[in-house]
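So that the names make sense, note that chain A is the first sequence line, chain B the second, and so on, each numbered from 1.
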Amino acid sequence: MPDLPTKTLTTVQDALLAWFKEESRALPWRTTRDPYAIMVSEVMLQQTQVDRVIPVYLAFLKQFPTFHNLADAPAADVIRAWAGMGYNRRAMNLQRAAAQVTELYEGVLPSDLKALRGLPGVGEYTAAALACFALGQEVAVIDTNVCRVLGRVFYGPEGAPEKELANVAAQALPDGEAWSWNQALMDLGATVCTSRRPTCLLCPVRSDCQAAGAFLATNGAVAESRGPYKTKPEKFEGSSRYYRGRVVDHLRGLAVGESCDLPTLGTVVKPDYISGDQPWLLDLLQGLQRDGLIAMRGEGSIVTVTLPL
DNA sequence: AATACGGGGAT
DNA sequence: ATCCCAGTATT
């Protein structure tokens, strides 16, 4: 962190915590202490916005109330319950993590950061989030919001150098307030200090922010200087991701035990599908199978596909 | 360090 | 049309 007067840091901490007390979003995973529920929310929130998670999260917990329930459920049910979320691999990772918790840790989420990090689908961010939000530990979490907010406040419009972030986040953490502080940073990032169009006029820390002046001067517009993406985002329709999603979505719609043959599946997901596309389809399916998202039976031309048992 | 992985909402 | 999102795993 750049040389920052302790007084400034304290001011920022107090202002943001006070703001959070008044303006925090009411989110379902903030009113539970159940580590399992918190974990479900954290995995769902990986690259998926709050508004889209809430209804799926509530239904998911109703259907799979505990680690044990999730671990024992048919994978097909879990994949169906994940509908609308995207990144379907997360559903399988979450179920494998649940199995690991029941088998290795007697159904209790481990409190050790390293053990958490060893669960499938739990990376650096989620391990810290679980430690703080599910287990009450005083650790800083670093997600895209925290990264942006801290970067702007303490460095400026361009944000913080990548390698300094962990250090900054750790130093900024107020004693005994990790839960509120982390939640507050994410709320501010999601609602005020947004990526495209920060509304500094509504920000509780604008008077101590290294970026607010520049943003206010340009009427809230973020400078182009952050530059366009290095690599062009591939277009979604027609991509492998697109067809993977369509395959899984079609299989979700089948009755339990019902399977789908290759020509039918190909035609459903790709309107202009021809028999010559079968190698392409098989390749696509192989990837899905490797991710545990589908099951294939049979040989050669009589292959059928279903959600996994 | 790059790339794959979903899909809907915001601009 | 492009960017963005409470990231992770693989290459």
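- When rounded to the nearest whole Å, the span between CE of A:Met85 and P of B:dG6 equals 13 Å.
- Side-chain proximity of A:Arg52 to C:dC3, C:dG7, B:dG7: nearest is B:dG7.
- Atom CE of A:Met39 and atom C1' of C:dA6 are 14 Å apart (whole Å).
- Nucleic acid contact class of A:Met44 (heavy atoms, under 4.0 Å, all strands): none.
- A:Leu27 comes within 4.0 angstrom of a nucleotide base, judged by non-hydrogen atoms across all strands.
- Atom CE of A:Met92 and atom P of C:dG7 are 21 Å apart (whole Å).
- The side-chain heavy atoms of A:Gln63 and A:Asp77, taken from C-beta on, include a pair separated by under 4.5 Å.
- Between the side chains of A:Tyr273 and A:Gln278, no donor-acceptor pair is found at a separation under 3.5 Å.
- Applying the 4.0 Å criterion to OP1 and OP2 of C:dG7, one finds that A:Gln47 has a side-chain N or O inside that range.
- Spacing of P atoms, B:dG6 relative to C:dT11, comes out at 16 Å, to the nearest Å.
- Although no hydrogens or angles enter the test, the distance criterion places a donor-acceptor pair under 3.5 Å between the side chain of A:Thr32 and the main chain of A:Asp34.
- Here A:Arg30 lies in heavy-atom contact (under 4.0 Å) with a base.
- For A:Glu234 and B:dG7, the CD to C1' distance is 13 Å, given to the nearest whole Å.
- A donor-acceptor pair is defined here as one N or O able to donate and one able to accept, closer than 3.5 Å; no such pair exists between the side chain of A:Thr194 and the backbone of A:Ala190.
- For A:Phe236, whose side chain is taken as the heavy atoms from C-beta onward, the closest listed nucleotide among C:dG7, C:dA6, B:dG7 is B:dG7.
- B:dG7 atom P lies 11 Å from atom CZ of A:Arg90, rounded to whole Å.
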Sort me out a list of protein N/O and nucleotides 9-11 of chain C N/O pairs below 3.5 Å, or just none if empty.
unit_1: C:dA9; atom_1: OP1; unit_2: A:Gly121; atom_2: N; d: 2.6

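- Side-chain rings of A:Tyr243 and A:Trp280 approach one another, their centers coming within less than 6.0 Å.
- Comparing C:dT8 with B:dG9, their P atoms sit 24 Å apart, to the nearest whole Å.
- One atom, CG of A:Asn88, and another, P of B:dG7, lie 6 Å apart when rounded to the nearest Å.
- At a threshold of 4.0 angstrom between heavy atoms, the contacts of A:Thr126 are confined to the sugar-phosphate backbone, with no base atom among them.
- Only at 4.0 angstrom or more do the heavy atoms of residues 60-82 of chain A sit from any atom of DNA chain B, so none qualifies.
- The distance between atom NZ of A:Lys235 and atom P of B:dG7, rounded to the nearest whole Å, is 16 Å.
- Summarising the geometry, the separation between CD1 on A:Ile38 and P on C:dA6 is reported as 17 Å, rounded to the nearest angstrom.
- Not a single donor-acceptor pair under 3.5 Å links the side chain of A:Glu42 to the backbone N or O of A:Leu130.
- Here the shortest heavy-atom pairing between A:Pro271 and A:Val269 reads CD-O, 3.9 Å.
- Residues A:Asn93 and A:Arg90 have side chains that never bring a donor and an acceptor to within less than 3.5 angstrom of each other.
- Contact annotation for A:Ser240: backbone-only contact, meaning every heavy-atom pair under 4.0 Å involves sugar-phosphate atoms and none involves a base.
- Residues A:Arg244 and A:Asp291 are paired through a salt bridge, judged by an N-O separation under 4.0 Å between the basic side chain and the carboxylate.
- No side-chain donor-acceptor contact under 3.5 Å links A:Gln46 and A:Tyr125.
- Among the nucleotides C:dT8, C:dC5, B:dT11, the one closest to any side-chain atom of A:Thr144 is C:dC5.
- With no hydrogens or angles considered, no side-chain donor-acceptor pair links A:Arg30 and A:Ser24 at under 3.5 Å.
- Between A:Arg196 and C:dT2 there is no side-chain N or O to OP1 or OP2 distance below 4.0 Å.
- Among the nucleotides C:dC4, B:dG6, C:dA6, the one closest to the side chain of A:Leu45 is C:dA6.
- The A:Tyr87 side chain lies nearest to B:dG6 when the options are B:dG6, C:dT2, C:dA6.
- Between A:Arg246 and A:Asp249 there is no salt bridge, since none of the side-chain N atoms of the basic residue sits less than 4.0 Å from a carboxylate O of the acidic one.
- Residues of residues 247-256 of chain A having a heavy atom closer than 4.0 Å to DNA chain B: none are found.
- Scanning all heavy atoms of the two residues, the minimum distance from A:Gln171 to A:Leu9 falls at O-CD2, 3.7 Å.
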